[in-house]
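Right, one structure below, let's go through it.
Letters A, B, ... mirror the listed sequences (proteins, then strands); counts begin at 1. A quick note: this is a predicted structure, and the numbers were derived from the prediction, not measured. Heavy-atom basis, side chains included; hydrogens, waters and symmetry copies ignored.
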Amino acid sequence: MPEGHTLHRLAQSLDAAFAGTTPAVSSPQGPFAEGAALLDGRSVVEASGYGKHLFVEFSGEAWLNVHLGLIGKFAVDRISGYASVPPVWGQVRLRMVNDDYLADLRGATICQVVTPDEVTATLARLGPDPLRADADPARAWAKISRSGRTIAELLMDQAALAGVGNVYRCEVLYRHRVSPFRPGREIRQRTWDAIWADLVRLMPLGVAFNQILTMDDQVEAATELVAAGRVPELTSTWTDSARWIGRGPASEDAVRDADLEDDDDGAEVGGSGMERRYWVYRRAGEACRVCGSRVRTQVVAGRNLFWCGRCQRRR
DNA sequence: CCTCTATGGCGAA
DNA sequence: TCGCCCTAGAGGC
């Protein structure tokens, strides 16, 4: 699930779970043993997201930099009340544990300990991130408006803007009826401004609900829920997560101390409970929800692009 | 049980 | 352009 919203939510979860504490940091199967040893014994200052990168600042100028790639997962779960730390299952690159929380990293493409200078260098390679208050959309516009590459390619270029991935790309282009194949330099500034503003509105909902929401009715509902403070919790209990994922150890009872609390009345585990529904993403061959023509697909910038050839002809 | 696909991105060729 | 990283859900048998 990793577009920018996933990493920003993960940063919030890690922050809630570990900031101000000194977690035990390990690499259970060894591949990150050196880095884990460097971080073990240091306190967590802050976790933050920038584009699709996660940074966790530890005391003493050490930063953990994680990039989930396509298949990485970083599960943050509450383990308060358990008799012992849950066992490792699968390949765990990095494990962080304090009295109340457990975080297991799997399948990431980047997991390294970096210096402040290296953090700065990584950030310097990224374009503005719609999820960050300090983002400057003019930086993205400067690149896009001068480029002969298609807008579909540019939206995926993390140096142009950071955090947008294939789902937001397809969906935001549809929402604005923009042809994915229009070169950046032929996009009107008004159109870009509207796309950026839309991302600034949509992506925080993705963070709050841990799910990409782009359909008007879902966006509206999610906006109201956020205003009312009714959003899924940042962390769930480990047992619930393990069950939800369909994995976990053979002997749960050996690990569990407290009974499962009866908090499954509203708090969804791992997601928002909202139906997965998009305008065009993964709908190849199905009818466009507006004009009825078949949603098309083609590989662009190494990913499957989806668009409506009739609705997205202009702009 | 199996195979396929995926919301990334890098490096080799 | 392709292989690779190596998780996990979906769907077939």
Side-chain angles (χ1 to χ4, degrees), chain A residues 1-10 27-32 49-54 65-77 88-95 103-112 118 121-123 125-127 129-131 152-175 180 199 202-215 218 241-248 268-272 274-285 297-307:
Chain A
M1 315 180 163
E3 292 191 33
H5 69 294
T6 303
L7 280 298
H8 282 258
R9 183 184 177 84
L10 180 53
S27 181
Q29 288 114 340
F32 186 59
Y50 201 125
K52 296 171 188 170
H53 281 266
L54 170 74
N65 175 211
V66 169
H67 193 296
L68 293 179
L70 185 60
I71 61 178
K73 318 276 171 194
F74 205 163
V76 184
D77 294 314
V88 170
W89 51 270
Q91 286 291 312
V92 174
R93 184 92 60 95
L94 170 70
R95 168 170 272 203
D104 278 344
L105 174 68
R106 299 181 177 84
T109 54
I110 293 177
C111 174
Q112 56 188 358
E118 291 171 315
T122 298
L123 296 185
R125 287 197 297 271
L126 299 176
D129 177 350
L131 279 168
E153 290 175 277
L154 289 162
L155 284 174
M156 293 288 276
D157 181 352
Q158 301 299 297
L161 70 164
V164 168
N166 200 25
V167 181
Y168 278 120
R169 155 175 92 161
C170 296
E171 293 290 290
V172 84
L173 286 173
Y174 182 85
R175 283 170 62 87
L199 291 170
L202 295 177
M203 293 182 77
L205 299 177
V207 175
F209 289 88
N210 204 21
Q211 184 182 330
I212 294 174
L213 301 168
T214 63
M215 298 294 293
Q218 294 187 318
S241 276
R243 174 175 304 143
W244 183 68
I245 292 169
R247 292 290 183 90
E268 302 292 337
V269 177
S272 67
M274 287 224 212
E275 181 192 4
R276 249 187 258 306
R277 185 151 48 86
Y278 302 111
W279 289 108
V280 288
Y281 179 69
R282 291 261 269 171
R283 297 192 64 242
T297 186
Q298 181 182 317
V299 174
V300 174
R303 326 285 313 158
N304 290 315
L305 172 74
F306 301 88
W307 82 102

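Side-chain N/O atoms of Tyr168(A) include none lying less than 4.0 angstrom from OP1 or OP2 on dT7(B).
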Restricting both atoms to N or O, compile the protein contacts to nucleotides 8-10 of chain B shorter than 3.5 Å, with distance only.
residue	atom	partner	partner atom	Å
dG8(B)	OP1	Lys52(A)	NZ	2.6
dG8(B)	OP2	Asn166(A)	N	3.3
dG8(B)	O4'	Gly69(A)	O	3.4
dG8(B)	O4'	Leu70(A)	N	3.4
dG8(B)	N7	Arg303(A)	NH1	2.9
dG9(B)	OP1	His67(A)	NE2	3.3
dG9(B)	OP2	Lys52(A)	NZ	3.2

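The distance between atom CZ of Arg282(A) and atom P of dC4(B), rounded to the nearest whole Å, is 15 Å. As rounded to whole Å, 18 Å separates atom C1' of dT7(B) from atom CZ of Arg277(A). As rounded to whole Å, 17 Å separates atom P of dT7(C) from atom CG of Leu10(A). In this structure, Leu94(A) atom CG and dT7(C) atom C1' are separated by 16 Å, rounded to whole Å. Summarising the geometry, the separation between CZ on Arg106(A) and C1' on dC6(C) is reported as 13 Å, rounded to the nearest angstrom. Taking atom CZ of residue Phe32(A) and atom P of nucleotide dC6(C), one finds them 14 Å apart after rounding to whole Å. Whole-Å rounding puts the Asp104(A) CG to dA8(C) P distance at 10 Å.
Straight-line distance between the P atoms of dA8(C) and dC10(B): roughly 23 Å, to the nearest whole Å. Rounded to whole Å, the separation between the P atoms of dC5(C) and dA13(B) comes to 15 Å.
Remark: Phe32(A) engages no residue in a ring-ring contact (aromatic ring centres under 6.0 Å, His included) (not counting sequence neighbours). By the salt bridge (charged side-chain N to carboxylate O under 4.0 Å, His left out) test, Arg283(A) pairs with Glu286(A), sequence neighbours left out. Listed by chain and number, the residues in a salt bridge (charged side-chain N to carboxylate O under 4.0 Å, His left out) with Asp104(A) are Arg95(A), Arg106(A) (sequence neighbours excluded). Partners of Arg282(A) under the side chain to side chain contact (heavy atoms under 4.5 Å, CB included) rule, at least two apart in sequence or in another chain, are Phe306(A).
If you run side chain to side chain contact (heavy atoms under 4.5 Å, CB included) between Tyr50(A) and each of Leu7(A), Thr122(A), Asp129(A), only Asp129(A) comes through.
Identified under the salt bridge (Lys or Arg N to Asp or Glu O under 4.0 Å) test for residues 159-169 of chain A, with sequence neighbours left out: none.
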